[in-house]
Amino acid sequence: MTEENSRTVGPLILVGPPGAGKGTQAKRIAERYGIPQISTGDILRDNVVRGTRLGMQAKSIMARGELVPDDLVCDMVASRLRQADCERGFILDGFPRTAAQAGWLDAFFEHEFFDNAHRGKCLPIVIRIDVDYNQLLLRLTGRRSCQTCGRIYNVHSQPPRVDELCDVDGSRLVTRNDDREEVIVERLAAYQAQTRPVADYYERKGRLVSVNGDLPVEDVTAQVVRVIEDHSAVEAGKPASGA
Ligand code: AMP
């Protein structure tokens, strides 16, 4: 096992508007450090496909681009975070998305999570990925994903080698139901109204770091890794790279 996937990392929270690249970055960071990516959007979509009670409650809300009620999402996140693979850390992608969810998460960390040996070590690293508004629209309208392996493409900036087919397994790529233009506008509005305050919440607590999400994917990952490493260095009492 390399040091990269044997030590505790994060927890890491990625915030940013839809299309900022949270999912793409979360996958890259998850792979690098061997910790799970927890995407509330993915878990909800999986529930919709499986037709669970939660999926049936969430389906029409998601199709409109609105947010699923806090209590449903928080319960879902609580059961996911209690799974054993989260012990060494995890990346939250798409959660918290309201100020109430952020407050709930802090209380959850404090009272329940990392309860014994890790108590006090679970202040999350919060990274906001900032992207220009017009870039966001291009990314969302061009986004295609593989339902077999989860890989994300973009017809404008990261097209597959063969049109509409996944490079990895050849499956036909799909456009997410909520990546239609009229729903995109609704999702960006939900971000402005409900999720921006989440970044403000963490900023007030001095826990927010921003990275430039307009750069190429690898460069954004490099910035995120730098933040994680600086954070780990500070925890270990070493000077951070920027110092
Ligand atoms: P995403 O894949 O993160 O863009 O999420 C897709 C959709 O799932 C959102 O537009 C919401 O309807 C729902 N969703 C995902 N995460 C949350 C959350 N933390 N709170 C409420 N709704 C969520």
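In each ligand, atom 1 is the first atom listed, and ligand 1 is the first ligand listed. Position 1 is the first residue of the sequence; numbering continues from there. Computation of the quantities below employed the complete heavy-atom set of this structure, encompassing side-chain atoms and omitting hydrogens, waters and symmetry-equivalent molecules.
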Ignoring angles and geometry beyond distance, decide whether Thr40 reaches within less than 3.5 Å of ligand 1 through its nitrogen or oxygen atoms.
yes
Under 4.0 Å, heavy atoms only, figure out whether ligand 1 is touched by the backbone of Lys22, its side chain, both or neither.
neither
Just wondering, do Ile184 and Thr141 contact through their side chains at under 4.5 Å, heavy atoms?
yes
Could you verify whether a donor N or O on one side chain and an acceptor N or O on the other, from Thr195 and Arg97, lie under 3.5 Å apart?
no
Among residues at least two apart in sequence or on other chains, which ones pass side-chain hydrogen bond (donor to acceptor under 3.5 Å, both in side chains) with Arg50?
Asp46
Enumerated ligand 1 atoms positioned under 4.0 Å from heavy atoms of Arg176:
1 (P), 2 (O), 4 (O), 6 (C)
If a pair satisfies salt bridge (charged side-chain N to carboxylate O under 4.0 Å, His left out) and one of its residues is in residues 64-76, list it, with sequence neighbours excluded.
Arg64-Glu66
Going by atom types alone, do Gln37 and Asp93 pair a side-chain donor with an acceptor below 3.5 Å?
yes
More than 12 non-hydrogen atoms from neighbouring residues, nucleotides or ligands closer than 6.0 Å to CD on Gln147, yes or no?
no
Side chains of Tyr202 and Asp106 only: does a donor on one sit below 3.5 Å from an acceptor on the other?
no
How far is atom 11 (C) of ligand 1 from the closest protein heavy atom, and which atom is that?
Glu66 O, 3.4 Å
Look at atom 9 (C) of ligand 1 and find which of Arg187, Arg45, Arg97 reaches it with the closest heavy atom.
Arg97
Within reach of ligand 1, part of Leu44 (heavy-atom separation under 4.0 Å)
side chain
Below 3.5 Å, N or O to N or O, backbone or side chain included: is there any such pair between Asp42 and ligand 1?
no
Could you tell me whether Leu67 approaches ligand 1 through its side chain, its backbone, both or neither, with non-hydrogen atoms closer than 4.0 Å?
both
Any chance you could lay out the side-chain contact (heavy atoms from CB on, under 4.5 Å) test for Tyr133 and Leu188, step after step, and finish with the verdict?
CA-CA 9 Å; Tyr133 188 84; Leu188 289 171; 3.6 Å; yes
I'd like to check whether Val68 has a polar contact with ligand 1, where a contact means an N/O of the residue lying under 3.5 Å from an N/O of the ligand.
yes
Atoms of ligand 1 less than 4.0 Å from Gln101 heavy atoms?
18 (C), 19 (N), 20 (N), 21 (C)
How far is atom 7 (C) of ligand 1 from its nearest protein heavy atom, and which residue and atom is that?
Met62 CE, 3.8 Å
